[in-house]
Structures are given as structure tokens and as C-alpha cells.
Amino acid sequence: MKTDSSPDLGAAASALDEADPLRSMRDRFVGSESSIVYFDGNSLGRPPRASVERLARFATEEWGGRLIRGWDESWMQLPFTIGDEIGRTAIGAAAGQTVVGDSTTVLLYKLIRAAFDAQKALDPTRVEIVVDRDNFPTDRYLVDGIARERGGRVRWIDVDLSAGVTAESLSSVVGPETAVVVLSQVAYRSGHLADAPELTRIAQDAGALVMWDLCHSAGSVPVEADDWGFDLAVGCTYKYLNGGPGSPAFAYVAKRHQETLAQPIQGWMGTADVFAMGPEYRPAEGMRRFLSGTPPIVGMLAMQDTLAMIDEVGIDAIREKSVSLTEFAIAVTDATLAPLGVTVASPRDAVFRGGHITLSHPAMRAVTARLWAEDVIPDYRDPHGLRIGLSPLSTSFAETLAGLRSVADALRAELA
Ligand SMILES: *Cc1c(COP(=O)(O)O)cnc(C)c1O
């Protein structure tokens, strides 16, 4: 049985695409001409067309032509120049506080551990790391490991899986023993958008340092790291920043903490004079000290094209489109999927919602397998969650409607 192809929804999608000031951006991505519906740009963004050319040019001209001279000519500085670009266009950080380095996991480890050690050194009773039970697995596993390794304790926040950490839930766990608080701005499962300025204030009022995980927010929701008083932040570049599979993460360290934090992987690239190759490690001043080994230059190429797009249209326009995409997806869900028993496991109020929504039904694992086989690509997250990622620069309203209609068809087939 085919889904209802309600003309109202079709007309609404066309009207929204027509009125969308960012509609032309979609054509700048590889694959936008195909009929694939892509609901996973929040997990692995599509490649910008400009990046295809940039990668080819890099291989032939820079790598192939400049060879090892490339390090002196530009590559040594790339982690910092791109870091500053991320700071300026996507996370509200003045220059000199953002660097592109290792994976998200490794940067989180280095900075959470450094923050924990610094706090404990100031006050040996501050030994708790606060994290919520629904934070991304890597964040939870790291916190558990760091607490054990450094003589600390984990303090868990219980959260509603369809929502996220609130001011009340954070206030009830922080106190004189809190060393570090680790939070995601946008929850990977529900898409809940945390009140980052408020939660930062609550943690800092208790004397804690805060680490913000920006993986699901950088490039899709506004972040004002400096104005909101962030201490530390780490984020992915292969999600909304379209850096490609495994592209390296970025780290933000507020200027006031840079000289006091000592990160644990003291490699040669983080030293004050890299090519002095001296007898011992002396950490560089500024953000260089948070690097460890040779920076992954090839992985830093593609993200520059998305940063240029963000600069061109502005993060506020991206957020506006993102809100309207998720509003539309929820309206389509209510009209076509709710009658099949699907519920929305994400905040309904856009103020508390990031760039993706999760749709819940016990058959969603099987539905996901059917959809992938038909070139409709969401992802699945336990329990029963079909995650619909709507990347504002590369997703259209028509694509959103087509994909959700396919979800309804697949669910009907599964239930038949
Ligand atoms: C995607 C994601 C990660 C991934 O970390 P990697 O080291 O890149 O695998 C970490 N944290 C959050 C919140 C994420 O969404």
C-alpha cells in the first residue's frame, strides 16, 4: 500500500523550498542531484563540490609539488588558521583559542584530564566529574576512565531520553566537590538543545570547569563560546562541518586557562620550539600546547569549504533553516506517521531542539534496514529511535517530505 501523498504536504514543501533563502546551497554538494534522501548529515555530512577540487589540487600541487616544503610553507600553521576560522564562523571564539587536532575522543580525553588535574591541584576535595547518563558513549567512557586513572569519581545526571540536561538537573548535582562538568550542547539521541549559557553559569558558580561537546551543534546552531564564558569545548568536523569521514576534531580552550592546563599526551608538536628537538618537553604557549603529534593535514582540507559557506550565509540563517526543517518534519510526522503509532522522541519546542529529531516506534530497526536498501538514509539509535538528521545547507523540504513518506511506506510494509 502506498502512503497518502497528501497534496497539502507536497504544496507546503514546495512553498517552503521556494521561500528558502538557502535553497541554492544544496546544489553545492556532491549527490544533491541524485534521488537519495540523506537524513544523516548530522553524522557524516555530504561532501561539498568545492572540496572535490580542493582535494585533487592538494594532491597534485601542494603534496605532489611542494613535497616536504609544504610543512614550512603552510601546513604547520593549518591547525591554527582553520581553528580560528571555526572560532570566527561557527563557535563565537576570538582568535587564538581554537585548534584542529586529534579525534574528538582524544581531544576530550586530553582536555577533561587536564581540567580535572588542574582543579584537583587547587583543591584536593574537588574530585567529581559530572556527566549525564545519556551523553554520547565516548564522553561517558572517557569520564569513567579519567576518574579511575586520576583518583576521582563520576557523578551521574539522570535525564529523560526524549529531552536532555536542564538547569534543575545540573543544579542538583554540582557542588564543592565538582571538578569538571561534561555536557553536550545538542544531545545525540533526542536532539535536545541545552541552555549552554545558563548551564555554564550554574557549573561555574559551583566552582567547576565546563567542557562542552559541540559535535552535534557546530555548524547547525549558534554557539558563543566567548560570550557564554565557556572554559573548554571540543567538536566534530565530519558532521555539520562536512570535513569527511574521520576528519579531525577541534578544541577550544578559553585564553584564561591556556597557560594553566597541562595535557597528558606531551608530544613534540606541542612544544615551544618544535624543531629544536630538545632534551625535554616544554609546552608551547597558547593553543599549540594542546597538540601532540603531526597534524592530519589531508583531513583538514574539506572542512574549509563548509566554513566558507557558513561565513557566506551566517550561522543565524542556518539555524533559521534548521528550525524550519525540524518543524516541517514534525508536522509531517504528526500527519502521516503518528497514525501508525510513531511518536516524536525529541523536544517539540524549537527553542530546546537542535538540528535532528528522533522518531520512535518498536519497528524502527527493521524500518531503517528497508530504507537504506531504498536509498533513504536515516540512522537508528536504541531504543526504537529513527534519527532524522536535517543538515540545513544540504537538505531541502521536498527531500524531507519524500524521506518521511518512505518511512511511512516502510513502516506499513513492516507492520503488514
Ligand atoms: C559523533 C560524536 C563523537 C565522536 O567522537 P569521535 O572521536 O569522532 O569518534 C563524540 N561525542 C559526540 C557528542 C558525538 O556526537
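Start at 1 and go down the list; that is how both ligands and their atoms are numbered. On a predicted model such as this, the values are computed, not experimentally measured, just so you know.
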So which of T326, D20, T395 actually passes side-chain hydrogen bond (donor to acceptor under 3.5 Å, both in side chains) with K321?
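Considering T326, D20, T395, a side-chain hydrogen bond (donor to acceptor under 3.5 Å, both in side chains) with K321 is found only for D20.
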
- Task: Answer yes or no: are there more than 12 heavy-atom neighbours, outside I68 itself, under 6.0 Å from its atom CD1?
- Result: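 Open: at most 12 neighbouring heavy atoms sit under 6.0 Å from CD1 of I68.
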
Does a sphere of radius 6.0 Å around CD in E198 hold more than 12 heavy atoms from other residues, nucleotides or ligands, not counting ones at 6.0 Å or beyond?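 Yes.
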
How far is [atom] from its nearest protein heavy atom, and which residue and atom is that?
atom	result
atom 7 (O) of ligand 1	T105 OG1, 2.6 Å
atom 3 (C) of ligand 1	F136 CE2, 3.4 Å
atom 5 (O) of ligand 1	T104 CB, 3.4 Å

**Item:** side chain to side chain contact (heavy atoms under 4.5 Å, CB included), paired with L170, selected from D195, T178, V130
**Value:**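 The residue from D195, T178, V130 that satisfies side chain to side chain contact (heavy atoms under 4.5 Å, CB included) with L170 turns out to be V130.
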
Review point. When only distance counts, is D139 in polar contact with ligand 1, meaning an N/O pair under 3.5 Å?
Key: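 There is such a contact, yes.
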
Under 3.5 Å: N/O of D213 near N/O of ligand 1 =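 Right, the criterion is met.
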
Could you go through E61 and R66, starting from their C-alpha distance and side-chain angles, then the distance that decides it, and tell me whether this counts as salt bridge (Lys or Arg N to Asp or Glu O under 4.0 Å)?
CA-CA 7 Å; E61 293 172 20; R66 303 313 298 159; over 6 Å; no

I'd like to check which ligand 1 atoms, numbered from 1 as shown, lie under 4.0 Å from a non-hydrogen atom of [X].
X	result
K239	1 (C), 2 (C), 3 (C), 14 (C), 15 (O)
C215	2 (C), 3 (C), 10 (C), 11 (N), 12 (C), 13 (C), 14 (C), 15 (O)
H216	15 (O)
Y238	1 (C), 4 (C), 5 (O), 6 (P), 8 (O), 9 (O)
S103	7 (O)
T138	10 (C)
S184	13 (C)

Pair [X], [Y]: side-chain N/O donor-acceptor within cut-off below 3.5 Å:
X	Y	answer
S220	S322	no
S51	D305	yes
S190	S162	no

- Closest non-hydrogen atom pair, R140 against N135: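 Of all heavy-atom pairs spanning R140 and N135, the closest is NE-O, 2.7 Å.
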
message = Checking contacts here: is it the side chain or the backbone of A249 that comes within 4.0 Å of ligand 1, counting heavy atoms only? Could be both or neither.
response =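 Under 4.0 Å from ligand 1, A249 contributes no heavy atoms.
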
